[in-house]
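Okay, so here's the structure we're looking at.
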Protein chains: 2
Amino acid sequence: MNSSIPDIQCPPTAGSHTAALDLAEAACRTRGASLTAIRREVLELLYRSPTGVKAYDLLAQIKEARPGASPPTIYRALDFLIEQGLAHKIGRMNLFVACRHASHQIPSLFLVCPKCSGVTELQEQSVMSALSNSLAAAGHRLESPEVEISALCPMCVGAR
Amino acid sequence: MNSSIPDIQCPPTAGSHTAALDLAEAACRTRGASLTAIRREVLELLYRSPTGVKAYDLLAQIKEARPGASPPTIYRALDFLIEQGLAHKIGRMNLFVACRHASHQIPSLFLVCPKCSGVTELQEQSVMSALSNSLAAAGHRLESPEVEISALCPMCVGAR
DNA sequence: AATACAATGTTATAACATTGCATTTCTTAT
DNA sequence: ATAAGAAATGCAATGTTATAACATTGTATT
Ligand SMILES: [Zn+2]
Ligand SMILES: [Zn+2]
Ligand SMILES: [Zn+2]
Ligand SMILES: [Zn+2]
């Protein structure tokens, strides 16, 4: 029962997510992985965006500092970040988004707004336990910590 | 090019699914839409597949009978079928699948097996009501009748 | 016949993602 | 310190998924 871990709002202003980045770097270290410069830069771009971001938009931004960057540059960094649980991919819309949660003890619900691409990551015990029961009854096993749902965000619900 | 999707069941027998196709055709007609030859053929291909199917695999199959078919041929047919509630898109894996339900009074859960591309469409009141509550609490509104979940199917759970 | 409209044909391109290999950078054992 | 090996990156090409833009066909209405 009970409510979700509160949303962490991301300040859209360009600025230092230094603390979060340093935490992420430390977390990678403890797992024997390393958050290199490129990976850290990509993660920072994700932190700065309150909405999901497209891979080629990330590429365009990274190119400003690294003109040689190419699609693999971005996709490799994203793969790494996803492996490390620092980012998620929203498959329906080919969007990537930073994870704002410390851990995924509970799989996350991603509410993706079809109007504005806003992404809200929720952790809802009630939904997930209902889901687990249904899956188990059907003989399936949840494989990904990510459940995507297309849902208008509060802003876009209002702007009707 | 290629489908790595194993062709497990449902040997493609011409003329099968006639009853379901006729029903679909009638349903379209009552809505003022028409299930034309191309659309019907694409729907039949979807009916024949127990797994989700990729658009370009459909294209390859349709080309056997209609050599002139091109990507728009398929995507238009798929758009139509989805509009009419006769098919669904699994965004995470770029798969298309026939709808096996008469209606969508309750939004569906799609269990997509990441190993074999098998798709199971469930309608679970308990999950959906938990979900509705959470969404409402967060100020969101469910927009799509489709919730995708990556979950190993019973077969692939067993074959570990 | 002229008009209107839905569907389809056709060509091209946009958008998204991966492969393969060469090179560089980082670790680690000696 | 150095050499060997692993990890990461640069780079070119290719593969995959989806849509844009415009032309044509078929059918119904006027
Ligand atoms: Zn997360
Ligand atoms: Zn929105
Ligand atoms: Zn359905
Ligand atoms: Zn499976």
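Computed from a predicted model, the values in this text were never measured in an experiment. Below, chain A is the first sequence line, B the second, and so on; all start at residue 1.
For B:Tyr75, there are no ring pair (Phe, Tyr, Trp, His ring centres under 6.0 Å) partners, not counting sequence neighbours. In this structure A:Leu21 satisfies the side-chain contact (heavy atoms from CB on, under 4.5 Å) test together with A:His17, A:Arg40, A:Leu43, A:Glu44, A:Tyr47, sequence neighbours excluded. Applying the ring pair (Phe, Tyr, Trp, His ring centres under 6.0 Å) rule to B:His101 yields no partners; only residues at least two apart in sequence or on another chain are considered. Applying the ring pair (Phe, Tyr, Trp, His ring centres under 6.0 Å) criterion to A:His140, with sequence neighbours excluded, gives no partner residue. With sequence neighbours excluded, the residues that form a side-chain contact (heavy atoms from CB on, under 4.5 Å) with B:Arg76 are B:Pro72.
Regarding A:Ile90, its CD1 atom lies at a distance of 12 Å from the P atom of C:dA17, rounded to whole Å. Taking atom CG of residue A:Asp79 and atom C1' of nucleotide C:dA17, one finds them 10 Å apart after rounding to whole Å. The distance from atom CE of A:Met93 to atom P of C:dA15 is 15 Å, rounded to the nearest whole Å. What separates CD1 of B:Ile74 from C1' of D:dT16 is a distance of 15 Å, to the nearest Å. Nucleotide C:dA15 holds its P atom 16 Å from the CZ atom of A:Phe96, rounded to whole Å. If you measure from atom CD of A:Glu83 to atom C1' of D:dA7, you get 12 Å, rounded to the nearest angstrom. Atom-to-atom, CZ of A:Arg31 to P of D:dA7 comes out at 17 Å; the value is rounded to the nearest Å. Distance A:Ile62 CD1 to D:dT9 P: 11 Å, rounded to the nearest Å.
Stacking between B:Tyr75 and the base of D:dT19 is absent under the criterion of ring centres within 5.5 Å and planes under 30 degrees.
Judged by atom type and distance alone, A:Tyr56 does not reach the base of C:dA14 through any side-chain donor-acceptor pair under 3.5 Å.
Looking at B:Glu41 and B:Arg66, a side-chain N of the basic residue comes within less than 4.0 Å of a carboxylate O on the acidic one, giving a salt bridge.
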Atom pairs, protein N/O to nucleotides 7-9 of chain C N/O, distance under 3.5 Å:
unit_1: C:dA7; atom_1: OP1; unit_2: B:Arg39; atom_2: NH1; d: 3.3
unit_1: C:dT8; atom_1: OP1; unit_2: B:Thr36; atom_2: OG1; d: 2.7
unit_1: C:dG9; atom_1: N7; unit_2: B:Arg76; atom_2: NH1; d: 2.9
unit_1: C:dG9; atom_1: O6; unit_2: B:Arg76; atom_2: NH2; d: 2.6

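Under a 4.5 Å side-chain heavy-atom criterion applied to ILVMFWY residues, the cluster that includes A:Leu23 comprises that residue alone.
In this model, the phosphate group of C:dC16 is approached by a side-chain N or O of A:Lys54 to a distance below 4.0 Å at OP1 or OP2. Residue B:Asn94 places at least one side-chain N or O under 4.0 Å from the OP1 or OP2 atom of D:dA18.
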Indicate every side-chain donor-acceptor pair of residues 79-86 of chain B with a distance under 3.5 Å to a residue at least two apart or in another chain.
unit_1: B:Gln84; atom_1: OE1; unit_2: B:Arg31; atom_2: NE; d: 2.7
unit_1: B:Gln84; atom_1: OE1; unit_2: B:Arg31; atom_2: NH2; d: 3.3

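Residues A:His88 and A:Phe96 place their aromatic rings such that the two centres sit no closer than 6.0 Å.
Axis deviation across the helix from C:dA1-D:dT30 to C:dT30-D:dA1 amounts to 20°, comparing end segments of five pairs, rounded to 10 degrees.
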